[in-house]
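Note that these values count all heavy atoms, side chains included, but never hydrogens, waters or copies made by symmetry. Worth saying up front: this structure is predicted, and the values here are computed from it rather than measured.
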Amino acid sequence: MKRIKWFSFALAAIAFVGCSDDNAETPPPATEPVVLTTPKVTFTVTETSVAFSWEAVEHASGYEYRLQKASETVKEAKVDAETLQASVDVPKGSEIYILKVRALGTGDYTDSEWSRNTVLTPVPKPSNIEFADAVLEKYLLSMQPSIDLDGDGEISFEEAAAVTEIDAGYEYAEDATADNTFSNLSGLEYFTSLERLNLKYHRVSDATPIEGLASLTSLNLGENQITKLDLSKLANLTDLRLYGTGVSTLDLSKTPLLKSLYLQRTALTEIDLSPLTDLEEAYINEAKLTKLRAVGLKGLTRLDAVKNALTTVEIGNCDELSQLHLDNNRLTAIELKGLPKLMILNLYANSLTALDTSNLPFLMQLSVFENQIASVDFSANPALRNVYLTQNPLTKIDLSANENIMLLEAVNMSNLEEINLKNGYCDDWAEYYIVEGNPALKKVIVDPGYEFELVTTLFKNRPDVSIVTE
């Protein structure tokens, strides 16, 4: 019986299946919504706003954006699918924001991921210059003609850029006081058209603000406290004055237009003037120079390097040089070539043992007293007028080839035995200082007439000295 029951149940199940509806449709499997493309965003910023736009996303029903500062939302909004840009006002000042935009979806499409952009708003640029030194600002506002063109009591960047000259220097130290001098030049960097700047006798220790004023042709920082100056951006300078400063090094290779250079009482130990092909005059007295070079300066007319510690000097091919002053140094030798127009040469108070003037046809005044020169030959110097030879170990002075001699100073010379002044001419104004301190002197040769009488009178108390006209 049990088998029959099982069999009957199986037949019933088969019969039920066989009666199913073959035309019934099978439902499609369920699908996930499509995620929209993340918008591509571009933006611009100003001091007070952030403006942004994005590319349209296919199938987007709209868009949402947020501007956040840290965790704070500054603004958020939703816009329709046709809107592809927005702008948000922000406070002035430099701030960091996060800008987010996403596409919104419906139906088979879902929202995109957020785009993310970091936005930095700029620091607002002031319209007027802020000066660190109140005295400087006061001076600039008092200048005549006024540079404060709109009369608002401040100097704008535009007003500063129109100024071509500031003459704030003082002629004398006693005129410069704490109340009328300035020490901080911050703000002058905006005076970009400055051509002439005079700051003599102020209290400046940092010249950085003016080192970029490329239009400068004349700069006077004399009697200030600066110790360095970068000239690399001052290529238009023609006149530079740094006397009475602590400047110890100076690269002149970027200032080829310099014509006048004043470096007295600085801390310079060496200097090369050769890059200054237009140089006309240079004064480097009372510094700390040990080396000086001036070669190929065709326009140089005067060079002073007095009261230094010079041991090495290279000077040559200076066709127009007429005055050379190198006294009170430590020179033991010097070569004087390529100086065809040299007329005044001062080398006194050195340690020279020899001197060759044969290449100086126009030499008119020579000062070499207080050296160790044992012999001289002036036969190639027909223009010589004034000669100072005191305190040298010379035994003979021969000026017979120098008919223009007006003055000879040769005293305190223990080795001197003979002086020859016979050159065919003696001016009524001639001055000879040749008596004192010359115990070995035996003979002075002169022209007859006035010169004989003059020299005889000079040696009236020295019967041991023969005055002759041989």
Do [Y] and [X] meet the salt-bridge criterion of a basic N to acidic O distance under 4.0 Å?
| X | Y | value |
| --- | --- | --- |
| Lys307 | Glu286 | no |
| Arg293 | Glu314 | yes |
| Arg302 | Asp304 | yes |

Output yes when a side-chain donor or acceptor of [X] lies under 3.5 Å from a complementary backbone atom of [Y], and no otherwise.
| X | Y | value |
| --- | --- | --- |
| Asn308 | Ile284 | yes |
| Thr110 | Gly105 | no |
| Glu409 | Ser367 | no |
| Asp80 | Gly62 | no |
| Ser322 | Thr301 | yes |
| Asn402 | Asn404 | no |
| Thr83 | Val79 | no |

[X], [atom1]: over 12 other non-hydrogen atoms inside 6.0 angstrom:
| X | atom1 | result |
| --- | --- | --- |
| Asp108 | CG | no |
| Lys233 | NZ | no |
| Leu149 | CG | yes |
| Glu174 | CD | yes |
| Phe362 | CZ | no |
| Gln372 | CD | no |
| Tyr190 | OH | no |

*Run the numbers on Asn381 and Thr357 for side-chain hydrogen bond (donor to acceptor under 3.5 Å, both in side chains), then give the verdict.*
CA-CA 7 Å; Asn381 311 115; Thr357 62; 2.7 Å; yes
*Please lay out, stage by stage, how Lys69 and Glu95 fare under the test salt bridge (charged side-chain N to carboxylate O under 4.0 Å, His left out).*
CA-CA 8 Å; Lys69 177 184 172 184; Glu95 299 285 356; 3.6 Å; yes
*Working for side-chain hydrogen bond (donor to acceptor under 3.5 Å, both in side chains), residues Ser215 and Glu195*: CA-CA 5 Å; Ser215 296; Glu195 297 175 5; over 6 Å; no
Have [X] and [Y] got a donor and an acceptor in their side chains that come within less than 3.5 Å?
| X | Y | answer |
| --- | --- | --- |
| Ser112 | Arg102 | no |
| Ser53 | Thr42 | yes |
| Glu281 | Tyr283 | yes |

*asked:* Show, in sequence, the C-alpha distance, side-chain angles and deciding distance for Asp230 and Lys228, and conclude whether the salt bridge (charged side-chain N to carboxylate O under 4.0 Å, His left out) test is met.
replied: CA-CA 7 Å; Asp230 183 357; Lys228 59 182 179 179; over 6 Å; no
With heavy-atom distances below 4.5 Å as the criterion, would you say the side chains of [X] and [Y] are in contact?
| X | Y | result |
| --- | --- | --- |
| Leu104 | Tyr63 | no |
| Glu270 | Thr249 | no |
| Leu185 | Leu199 | yes |
| Leu261 | Leu279 | yes |
| Asp111 | Leu36 | no |

How many angstroms lie between atom [atom1] of [X] and atom [atom2] of [Y], to the nearest 0.5 angstrom?
| X | Y | atom1 | atom2 | value |
| --- | --- | --- | --- | --- |
| Asn128 | Asp152 | CG | CG | 5.5 Å |
| Leu339 | Asp319 | CG | CG | 9.0 Å |
| Gln323 | Leu345 | CD | CG | 10.5 Å |
| Leu216 | Glu211 | CG | CD | 11.0 Å |
| Leu141 | Ile155 | CG | CD1 | 4.5 Å |
| Leu231 | Ser253 | CG | OG | 9.0 Å |

*Take Glu223 and Lys200 through the test salt bridge (charged side-chain N to carboxylate O under 4.0 Å, His left out) and record every step on the way to the result.*
CA-CA 6 Å; Glu223 311 299 344; Lys200 181 181 177 182; over 6 Å; no
*Stepwise, does the side-chain contact (heavy atoms from CB on, under 4.5 Å) test hold for Ile210 with Leu188?*
CA-CA 6 Å; Ile210 63 174; Leu188 286 186; 4.0 Å; yes
Parallel, tilted or perpendicular: which one describes the rings of [X] and [Y], with boundaries at 30° and 60°?
| X | Y | result |
| --- | --- | --- |
| Phe131 | Phe191 | tilted |
| Tyr348 | Phe369 | parallel |
| Tyr243 | Tyr262 | perpendicular |

*asked:* side-chain contact (heavy atoms from CB on, under 4.5 Å) for Leu240 and Leu242? Distances and angles first, verdict last.
replied: CA-CA 7 Å; Leu240 177 62; Leu242 300 177; 4.0 Å; yes
*Please lay out, stage by stage, how Thr208 and Asp206 fare under the test side-chain hydrogen bond (donor to acceptor under 3.5 Å, both in side chains).*
CA-CA 6 Å; Thr208 304; Asp206 181 8; 2.5 Å; yes
_Asp167/Asn198 under side-chain hydrogen bond (donor to acceptor under 3.5 Å, both in side chains): CA gap, chis, key distance, verdict_ = CA-CA 5 Å; Asp167 186 0; Asn198 181 2; 2.9 Å; yes
*Among Leu326, Thr311, Leu268, Asp272, find the residue that satisfies the side-chain contact (heavy atoms from CB on, under 4.5 Å) test when tested with Leu292.*
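Of the listed residues Leu326, Thr311, Leu268, Asp272, the side-chain contact (heavy atoms from CB on, under 4.5 Å) partner of Leu292 is Leu326.
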_Candidate pair Leu67 and Thr73, rule side-chain contact (heavy atoms from CB on, under 4.5 Å), full reasoning_ = CA-CA 6 Å; Leu67 186 66; Thr73 298; over 6 Å; no
*Go through Leu99 and Phe52 one step at a time and tell me if the side-chain contact (heavy atoms from CB on, under 4.5 Å) criterion holds.*
CA-CA 9 Å; Leu99 173 63; Phe52 50 98; 3.7 Å; yes
